[in-house]
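FYI, side chains are in, hydrogens and waters are out, and symmetry mates aren't considered; it's all heavy atoms of this structure. Count residues from 1 along the sequence.
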Amino acid sequence: MRYFFHIAYQGQYFSGWQKQPGVKSVQEVIEQTLSKILKSPTAINGCGRTDAHVHASQFFFHADIEKEIDFDLLYILNKALPYNIAVFDIIKMEGKPHARFDAVQRKYDYFIHTYKDPFLSTQSSFYQLNNLDFDKMKAVVKLLPLYKNYRAFCTHPDKYEHTLCNVMEADLFVNPKGDRLRFHIASNRFLGKMIRIIMGKILMVGKGELSFDEFESELITLQASKLSLPAHPTGLYLSKVTYPYLNLEPRTEFIHSTQGIDWISI
């Protein structure tokens, strides 16, 4: 029987979702825990592959379990998992829906603070920047849904069958003081480090190191006009995943949205 698991995790102490030899991943921790509880090797398939130190305030994986669950697996699993992984729902599914391939939209949010704050250091990316040009940054963000090919915003584009992404939403928000930012983007799919590369380019625009025309040229020509490092992973969250048959609201709140911040779309 196939079950979908609705979860969230803090990624700062993991080398990403995907199981890899010699490193600690979210997938491996959950698989080991679930297999121990069910007393049978249990493989899981996630809805995506977040990078090392990237968070997920909503994430889904599916697992095929031989017998129907007739005990409180939700309680037992949460007790056994570490504090930085939470399971909200376990949903019995009809047929063989796929947590990764069936997703029609994924939303991400990227948070930045421009002053050193020890309580934000694992939740938001620290960039000590002053006098960012928010108007120019907002202008390039508005370009994103107008283009479909993101080859110039990917670390290894040739490994993909294609680099087309249907970006449905893109927005930039700032708090009233102008020292905390949130970048929001939604698409049917994302390429390797695509959001972090976009965020790095947006910061270059804000600092005057990349012009509006140069940014748009990369979307048109599919070639990077100026090299930039991907933004830090710490501030990135997979924040919502939607399926044709399943559309749940996230069960957790970002620390950023619960401490009185009045985010303003700029």
Side-chain angles (χ1 to χ4, degrees), residues 2-66 73-74 76-88 90 98-101 103 106 108-111 118 120-127 150 153-161 163 189-200 227-239 241 252 254-255:
R2 181 155 294 185
Y3 289 85
F4 266 42
F5 291 70
H6 176 205
I7 72 169
Y9 55 84
Q10 290 185 337
Q12 65 264 36
Y13 299 121
F14 296 100
S15 295
W17 162 264
Q18 188 77 6
K19 185 166 56 176
Q20 305 168 63
V23 296
K24 184 179 180 182
S25 69
V26 180
Q27 182 182 18
E28 183 177 32
V29 169
I30 295 176
E31 279 189 347
Q32 289 177 347
T33 306
L34 198 55
S35 297
K36 185 176 181 180
I37 294 170
L38 298 175
K39 297 181 175 59
S40 175
T42 305
I44 64 177
N45 289 273
C47 63
R49 299 175 181 177
T50 55
D51 292 343
H53 315 304
V54 171
H55 310 291
S57 57
Q58 184 173 76
F59 195 95
F60 291 91
F61 69 83
H62 75 253
D64 291 328
I65 299 175
E66 185 176 348
L73 177 58
L74 181 65
I76 295 171
L77 187 55
N78 272 317
K79 286 278 287 183
L81 287 170
Y83 77 94
N84 45 16
I85 303 175
V87 182
F88 302 122
I90 302 174
H98 199 286
R100 180 182 175 192
F101 299 134
R106 295 168 174 86
Y108 279 85
D109 287 273
Y110 190 95
F111 293 90
L120 293 177
S121 60
T122 60
Q123 307 299 322
S124 172
S125 281
F126 171 48
Y127 283 90
Y150 282 82
F153 297 84
C154 175
T155 48
H156 302 290
D158 291 333
K159 78 174 187 178
Y160 295 95
E161 185 178 337
T163 52
R189 68 193 288 256
F190 291 95
L191 309 172
K193 292 186 173 59
M194 173 177 157
I195 301 169
R196 292 171 55 197
I197 291 173
I198 290 174
M199 190 69 245
L227 295 178
S228 67
L229 293 174
H232 307 321
T234 308
L236 183 57
Y237 292 74
L238 174 55
S239 51
V241 184
T252 186
F254 297 155
I255 185 173

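- Listed by chain and number, the residues in a ring-ring contact (aromatic ring centres under 6.0 Å, His included) with Y127 are H232 (sequence neighbours excluded).
- With values rounded to the nearest 0.5 angstrom, I30 atom CD1 is found 9.0 Å from S25 atom OG.
- Heavy-atom minimum distance, P118 versus S121: O-OG, 3.0 Å.
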Given the rule in the side chain to side chain contact (heavy atoms under 4.5 Å, CB included) test, do L77 and L34 qualify, once you have shown the distances and angles that lead to the verdict?
-> CA-CA 7 Å; L77 187 55; L34 198 55; 4.2 Å; yes
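- Here the straight-line distance linking atom CG of N45 with atom NE2 of H98 works out to 4.5 Å at 0.5 Å rounding.
- Shown here for G200 and A231, the closest heavy-atom pair between the two residues is N-CB, 4.0 Å.
- Taking CZ of R196 as the reference point, atom OG1 of T234 lies at 8.5 Å (rounded to 0.5 Å).
- Counting only N and O atoms by type, the side chains of S125 and Y110 include a donor and acceptor under 3.5 Å apart.
- When every heavy atom of P233 is checked against every heavy atom of A52, the shortest pair comes out as CB-O, 3.3 Å.
- Side chain of S124 to main chain of T122: no donor-acceptor pair is present (N/O by atom type, distance under 3.5 Å, no hydrogens or angles).
- For the side chain to side chain donor-acceptor pair (under 3.5 Å) with K19, the qualifying choice from E28, E31, Q27 is E31, the only one to do so.
- The OH atom of Y160 sits 7.0 Å away from atom CZ of R189, with the distance rounded to the nearest 0.5 Å.
- Every pair tested for ring pair (Phe, Tyr, Trp, His ring centres under 6.0 Å) that includes a residue from residues 25-46 fails, sequence neighbours excluded, so the list is empty.
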Side chain to side chain contact (heavy atoms under 4.5 Å, CB included) evaluation trace for D51 with L236 = CA-CA 9 Å; D51 292 343; L236 183 57; 5.6 Å; no
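- With sequence neighbours left out, H53 forms a side-chain hydrogen bond (donor to acceptor under 3.5 Å, both in side chains) with no residue at all.
- Minimum interatomic distance between T252 and A8 (heavy atoms only, all atoms of both residues): CG2-CB, 4.2 Å.
- Interatomic distance, CD1 of I44 versus OG1 of T33, reported as 9.0 Å (0.5 Å rounding).
- Between the side chain of R106 and the backbone N or O of C47, at least one donor-acceptor pair lies under 3.5 Å.
- Counting only residues at least two apart or on different chains, the ring pair (Phe, Tyr, Trp, His ring centres under 6.0 Å) pairs with a member in residues 10-35 are W17-F59.
- Residues meeting the side-chain contact (heavy atoms from CB on, under 4.5 Å) test with T155, sequence neighbours left out: K193, I197.
- The structure places NE2 of H55 at 10.5 Å from CG of N84, a figure rounded to the nearest 0.5 Å.
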Would I7 and F61 satisfy side chain to side chain contact (heavy atoms under 4.5 Å, CB included), going step by step from the backbone distance to the final call?
-> CA-CA 8 Å; I7 72 169; F61 69 83; 3.8 Å; yes
For F60 and F5, run ring-ring contact (aromatic ring centres under 6.0 Å, His included): C-alpha distance rounded to whole Å, both residues' side-chain angles, the deciding distance at 0.1 Å, then the answer.
-> CA-CA 5 Å; F60 291 91; F5 291 70; over 10 Å; no
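- Within the 4.5 Å cutoff, the side chain of L238 has no heavy atoms near those of the V54 side chain.
- Inspection of the Y237 and Q123 side chains reveals an N or O donor paired with an N or O acceptor under 3.5 Å.
- The side-chain hydrogen bond (donor to acceptor under 3.5 Å, both in side chains) search around Y9 returns T50, not counting sequence neighbours.
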Can you list the steps and then say if Y150 with T163 is a side chain to side chain contact (heavy atoms under 4.5 Å, CB included)?
-> CA-CA 6 Å; Y150 282 82; T163 52; 5.6 Å; no
